[in-house]
J.: 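Dropping the structure in here first, questions after.
Values below: all heavy atoms of this structure, side chains included; hydrogens, waters and symmetry mates excluded. Because the structure is a prediction, the values reported are computed rather than measured.
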Amino acid sequence: MVNKQALKEIDNTCKRYNAQLVAVTKKRSIEEVSELYELGYHVFAENRVQDLLEKKELLPNNIQWHLIGHLQRNKVKYIVPFVKLIHSVDSIRLLSEINKEAKKVNKTIDCLLQFHVAQEESKYGTAPENIDAFMSDLKTIEIDNIKIRGIMGMASFTDNQNQIRKEFEQLKSIFEMLKKEYLKEDNFSILSMGMSSDYKIALEEGSTLVRVGSALFE
């Protein structure tokens with residue numbers, strides 16, 4: 001069930017910072033997602049391709065779907081025809097696969113580059129020290145059917161708010177460096193960081209898009 005009071009507070013906070021709220025529907029029922037939809041929220045995100053495909057079939061066609069979890073190359077073809085934004089691009093090989101599948105259906109896919117700044121080894125993303133090598137490799141592949149719209153990252157799962165803030169500051173620095181040095185287009189504008197537990201800190205540190213799930217529901 002949607003927590004309408006929490007939803008209103010989170011939505012108002014995002015608007016105050018001119019940031020986009022993306023509702024994460026991971027592990028949520030069709031009924032819960034439908035309730036959010038009826039309340040006027042039409043931008044949803046899933047972690048897993050299979051869950052994304054299942055929900056898409058059962059929900060209205062005008063929903064904008066984002067993929068925010070780790071994406072395996074062999075599953076790219078299933079989401080390319082309809083996905084609005086892929087947040088979790090963490091390798092050149094994945095970018096190549098997305099471009100290949102997008103070309104097949106004559107689409108241009110919006111993507112974010114994922115960077116790893118958290119302490120947990122289990123989190124995905126390119127390490128900050130490998131940025132120059134990544135961007136050099138990017139020049140060697142075709143990405144005519146991809147728009148790199150920005151970056152995504154996650155802070156450590158910790159109660160230490162100073163650490164969380166420092167990690168978001170690092171992501172913001174990466175974003176600004178890439179925009180200045182490598183990706184100077186106007187549409188490179190999305191800094192996707194912040195989830196239910198830390199979205200307020202993320203917004204304070206410059207996030208333009210937060211991915212909130214559990215905080216929206218009772």
J.: Apart from F157 itself, what residues make up its hydrophobic cluster, given side-chain heavy atom links below 4.5 Å?
T.: none
J.: Could you walk me through whether T126 and Q114 pass side chain to side chain donor-acceptor pair (under 3.5 Å), step by step?
T.: CA-CA 6 Å; T126 299; Q114 183 176 2; over 6 Å; no
J.: If you define the side chain from C-beta out and look only at heavy atoms, does anything of L21 sit under 4.5 Å from D11?
T.: yes
J.: Regarding T158 and Q119, do their side chains bring together a donor and an acceptor under 3.5 Å, going by distance alone?
T.: no
J.: How about CD on Q5, more than 12 heavy atoms from neighbouring residues, nucleotides or ligands closer than 6.0 Å, or not?
T.: no
J.: Nearest heavy-atom pair of M1 and E35: which atoms, and what distance?
T.: CA-OE1, 3.8 Å
J.: Can V117 be reached from L113 by stepping across I, L, V, M, F, W or Y side chains whose heavy atoms are under 4.5 Å apart?
T.: yes
J.: side-chain contact (heavy atoms from CB on, under 4.5 Å) with L171: which of E205, E176, M154, M193?
T.: M193
J.: Look at atom CG of N18 and say whether more than 12 heavy atoms of other residues, nucleotides or ligands are closer to it than 6.0 Å.
T.: no
J.: Strictly below 4.0 Å, N to O, side chains only: are R149 and D110 in salt-bridge contact?
T.: yes
J.: For A202 and G194, work out which heavy atoms get closest and say how close.
T.: CB-CA, 3.5 Å
J.: Would a 4.5 Å heavy-atom cut-off, applied to side chains only, mark V22 and V210 as touching?
T.: no
J.: Find out whether Y124 and H70 are in side-chain contact, i.e. whether some heavy atom of one side chain is under 4.5 Å from a heavy atom of the other.
T.: yes
J.: Is it the case that over 12 heavy atoms from other parts of the model lie below 6.0 angstrom from the NZ atom of K107?
T.: yes
J.: Is it the case that more than 12 heavy atoms not belonging to Y17 sit under 6.0 Å from its OH atom?
T.: yes
J.: Is there a side-chain contact between L67 and S88 (heavy atoms, below 4.5 Å)?
T.: yes
J.: Decide whether V43 and V24 are clustered together by the hydrophobic rule: side chain heavy atoms of Ile, Leu, Val, Met, Phe, Trp, Tyr closer than 4.5 Å, transitively.
T.: no
J.: Is the side chain of N130 donor-acceptor paired with the backbone N or O of A133 at a distance under 3.5 Å, no angle test?
T.: no
J.: Determine, for E204 against R165, whether the closest basic-nitrogen to carboxylate-oxygen distance falls under 4.0 angstrom.
T.: yes
J.: Checking side-chain contact (heavy atoms from CB on, under 4.5 Å) for the pair N3/F217: CA distance, chi angles, key distance, verdict?
T.: CA-CA 5 Å; N3 185 329; F217 300 93; 5.8 Å; no
J.: Is it the case that one hydrophobic cluster holds both L203 and I174, taking links as side-chain heavy atoms less than 4.5 Å apart, direct or via other members?
T.: yes
J.: Just wondering, more than 12 heavy atoms not from N62 lying within 6.0 Å of its CG?
T.: yes
J.: Evaluate the criterion side-chain contact (heavy atoms from CB on, under 4.5 Å) for residue pair F82 and N61; output intermediate values, then yes/no.
T.: CA-CA 10 Å; F82 68 89; N61 288 329; over 6 Å; no
J.: Using a strict threshold of under 4.0 Å (side-chain N to carboxylate O), is an ion pair present between K172 and E169?
T.: no
J.: Taking K179 for its side chain and E185 for its backbone only, find out whether a donor-acceptor pair lies under 3.5 Å.
T.: yes
J.: Has the side chain of T208 got a donor or acceptor atom that lies under 3.5 Å from a matching backbone atom of L191?
T.: yes
J.: Could you tell me whether the side chain of L112 reaches within less than 4.5 Å of the side chain of V89, counting heavy atoms only?
T.: no
J.: Work out which heavy atom in S34 is nearest to a heavy atom in L59; give both atom names and the distance.
T.: OG-CD2, 3.4 Å
J.: Testing R28, K26, K55 one by one against E46 for a salt bridge (charged side-chain N to carboxylate O under 4.0 Å, His left out), which residue passes?
T.: K55
J.: How about H42 and Y37: are their ring centres within less than 6.0 Å of each other?
T.: yes
J.: Can you tell me how far the CG atom of L138 sits from the CG atom of L95, to the nearest 0.5 Å?
T.: 6.5 Å
J.: Check whether any side-chain N or O of R211 sits under 3.5 Å from a backbone N or O of S192 as a donor-acceptor pair, and report yes or no.
T.: yes
J.: Side-chain heavy atoms nearer than 4.5 Å, only ILVMFWY residues, links allowed to pass through others: does that put L94 and I68 together?
T.: no
J.: Quick check on N106: does its CG atom have over 12 non-hydrogen neighbours (other residues, nucleotides or ligands) under 6.0 Å away?
T.: no
J.: To the closest 0.5 Å, what do you measure between CG (N47) and NE2 (H66)?
T.: 13.5 Å
J.: Checking S96 side chain against I92 main chain: does a donor-acceptor pair fall under 3.5 Å?
T.: yes
J.: Has D198 got a side-chain atom pairing as donor or acceptor with M195's backbone, closer than 3.5 angstrom?
T.: yes
J.: A side-chain contact here means heavy atoms from C-beta on lying under 4.5 Å apart; do W65 and L52 qualify?
T.: yes
J.: I164 and A155: which non-hydrogen atoms are nearest, and at how many Å?
T.: CG2-CB, 3.9 Å
J.: Under 3.5 Å, side chain of N99 to main-chain N/O of D144, donor-acceptor pair present?
T.: yes
J.: For A215 and A6, work out which heavy atoms get closest and say how close.
T.: O-CB, 3.4 Å
J.: I'd like to know whether the aromatic ring centres of F188 and F175 sit less than 6.0 Å apart in this structure.
T.: yes
J.: Grab the two heavy atoms, one from M177 and one from I131, that are nearest each other, plus how far apart they are.
T.: CE-CG2, 3.6 Å
J.: With salt bridge (charged side-chain N to carboxylate O under 4.0 Å, His left out) as the test, pick out the partner of E9 among K200, R16, K15.
T.: K200
J.: Kindly indicate, with the supporting measurements, whether the criterion salt bridge (charged side-chain N to carboxylate O under 4.0 Å, His left out) is fulfilled by E97 and K77.
T.: CA-CA 9 Å; E97 187 67 22; K77 59 187 175 185; over 6 Å; no
J.: When rounded to the nearest 0.5 angstrom, what distance separates CG in L216 from CG in L36?
T.: 6.0 Å
J.: Is a side-chain N or O of S156 found less than 3.5 angstrom from the main chain of A118, in a donor-acceptor match?
T.: no
J.: Would a distance-only check, ignoring hydrogens and angles, find a side-chain to backbone donor-acceptor pair under 3.5 Å from Q163 to N160?
T.: no
J.: Is the CD atom of Q161 crowded by more than 12 outside heavy atoms at less than 6.0 Å?
T.: no
J.: So, taking the atom named CG in L53 and the one named CZ in R48, what distance separates them when rounded to the nearest 0.5 Å?
T.: 10.0 Å
J.: Give the cluster check for I190 versus I148: same hydrophobic cluster or not, with ILVMFWY residues linked at side-chain heavy-atom distances below 4.5 Å.
T.: no
J.: Between atom CE of M152 and atom CG of L85, what is the distance when rounded to the nearest 0.5 Å?
T.: 9.5 Å
J.: Do T108 and I146 come close enough that some side-chain heavy atom pair is under 4.5 Å?
T.: no
J.: Okay, side chain of T25, backbone of V33: is any donor-acceptor separation there less than 3.5 Å?
T.: no
J.: Do L71 and I79 come within less than 4.5 Å of each other through their side chains, counting heavy atoms only?
T.: yes
J.: To the nearest 0.5 Å, tell me how far F134 CZ sits from E129 CD.
T.: 14.0 Å
